[in-house]
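A, B, ... follow the sequence lines: proteins, then strands. Residue 1 opens every chain. Side-chain atoms are counted along with the backbone in the values below, which use heavy atoms only and exclude waters and symmetry mates.
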Protein chains: 2
Amino acid sequence: MGVSKTHIFSPTQNELAVVAKVLAHPARIAILEYISRQDSCICNDLVDIIGLAQPTISQHLNEIKKIGLLKGTFEGKNLCYCINQERWEELQRSFNEFFTNINRNCC
Amino acid sequence: MGVSKTHIFSPTQNELAVVAKVLAHPARIAILEYISRQDSCICNDLVDIIGLAQPTISQHLNEIKKIGLLKGTFEGKNLCYCINQERWEELQRSFNEFFTNINRNCC
DNA sequence: ATTTAATATTGCAATATTACGATAAAGGCA
DNA sequence: TGCCTTTATCGTAATATTGCAATATTAAAT
């Protein structure tokens with residue numbers, strides 16, 4: 001069938017999976033890393049830096065935006081994307097909780 | 001084209017993305033959580049617990065195994081899957097490093 | 001108002017993922 | 001040996017993802 005049966009899993013499990021899916025592409029990892037390295041947040045050169053076509057970059061940015069990780073504001077003609085700090089720390093906590101809650105003392 | 005252009009990204013970026021992709025499905029999150037809750041590591045009831053067909057569970061286990069997160073050993077008739085503690089901690093460090101290295105002081 | 005530059009959207013092709021029925025393989029047990 | 005139970009693999013259908021060319025949109029600049 002090809003459909004994820006999300007309804008049989010808990011909200012927590014689904015949310016973690018959704019966030020992981022956004023991180024599951026090197027371009028999106030690279031985009032996040034690049035934005036974080038910028039002093040200002042003008043990022044209209046992502047296309048040149050990453051090496052993917054402009055529509056593709058736009059789509060990846062949209063995926064990242066969907067989980068609330070980007071705040072976008074206009075600065076003149078150009079769009080300015082920044083990382084949403086509160087959301088970022090929230091996700092960091094979620095992942096860390098997931099990793100530490102797993103009991104590995106077996107075998 | 002539909003192909004991830006992995007060659008234009010760094011090994012670190014690709015590796016993080018590969019691991020995130022494994023976590024990007026609620027069934028695999030649920031499987032990891034279930035295995036971690038077991039005292040022993042006999043996990044032949046995953047099919048009943050998760051609610052997916054046996055071949056599907058087998059495939060998910062295989063995805064998790066591919067990134068080295070599972071150690072499998074035979075115990076009589078049944079296969080025993082356990083979490084690979086060293087690998088688990090390694091991935092926890094990778095994710096934590098990624099999350100903490102991102103500079104969010106902008107906007 | 002027209003041009004220019006940056007980003008978004010649409011449409012489509014190639015490929016990947018998800019899921020399961022059918023079947024195979026392997027070990028334990030009668 | 002033959003049967004049962006458990007896990008793996010194959011084949012296939014449905015859907016999702018990735019990527020880009022073409023086009024649309026938006027706002028600044030001329």
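Residue A:Ile64 contributes atom CD1, which lies 14 Å from atom C1' of D:dT18 at whole-angstrom precision. Distance, A:Arg28 CZ to D:dT18 C1': 9 Å, rounded to whole Å. Separating the CG atom of A:Leu46 from the C1' atom of C:dA8 is a distance of 15 Å, rounded to the nearest angstrom. In this structure, A:Lys5 places its NZ atom 13 Å from P of D:dT15, rounding to the nearest Å. Rounded to whole angstrom, the span from the CG atom of B:Leu61 across to the C1' atom of C:dT17 amounts to 16 Å. Following rounding to the nearest Å, B:Glu63 (CD) and D:dA8 (P) show an atom-to-atom distance of 13 Å. What separates CD of B:Gln59 from C1' of D:dT7 is a distance of 13 Å, to the nearest Å. Atom-to-atom, CG of B:Asp45 to P of D:dT5 comes out at 16 Å; the value is rounded to the nearest Å.
The phosphate of D:dA8 has OP1 or OP2 within less than 4.0 Å of a side-chain N or O from B:Ser58. Of the side-chain N and O atoms in B:Lys21, none sit less than 4.0 angstrom from OP1 or OP2 of D:dT17. Contact between the side-chain N/O atoms of A:His60 and the OP1/OP2 oxygens of D:dT17 is not found at any separation under 4.0 Å. Put simply, A:Tyr81 has a side-chain N or O that comes within less than 4.0 Å of OP1 or OP2 on C:dA8. Residue A:Thr56 places none of its side-chain N or O atoms closer than 4.0 Å to OP1 or OP2 of D:dG19.
Of the two residues near DNA chain D, B:Asn62 and A:Ala27, the one whose nearest nucleotide lies more 5' is B:Asn62.
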- Message: Working note: B:Lys66 + B:Val22, criterion side-chain contact (heavy atoms from CB on, under 4.5 Å); need CA distance, chi angles, decisive distance, verdict.
- Response: CA-CA 9 Å; B:Lys66 269 187 200 162; B:Val22 172; over 6 Å; no
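Residue A:Leu52 is in sugar-phosphate contact alone, with no base atom involved, counting any heavy-atom pair closer than 4.0 Å across all strands shown.
Ion pair B:Glu90/B:Arg93 not flagged as a salt bridge, since none of the NZ, NE, NH1 or NH2 atoms sits closer than 4.0 Å to an Asp/Glu carboxylate oxygen.
Remark: aromatic rings of B:Trp88 and A:Phe98 are close, center separation under 6.0 Å.
Using modelled atom types, one side-chain atom of B:Arg87 and one backbone atom of B:Ile67 make a donor-acceptor pair closer than 3.5 Å.
Listed nucleotides: D:dT9, D:dA8, D:dC20. Nearest to the side chain of B:Pro55: D:dT9. Residue B:His25 places its side chain closer to C:dA19 than to any other of D:dA8, C:dA19, D:dT18.
In terms of polar N and O atoms assigned as donor or acceptor, the side chain of A:Gln54 comes within less than 3.5 Å of the base of C:dA8 in a complementary pairing.
A:Ile8 and B:Ile50 get closest at one heavy-atom pair: CD1-O, 3.4 Å.
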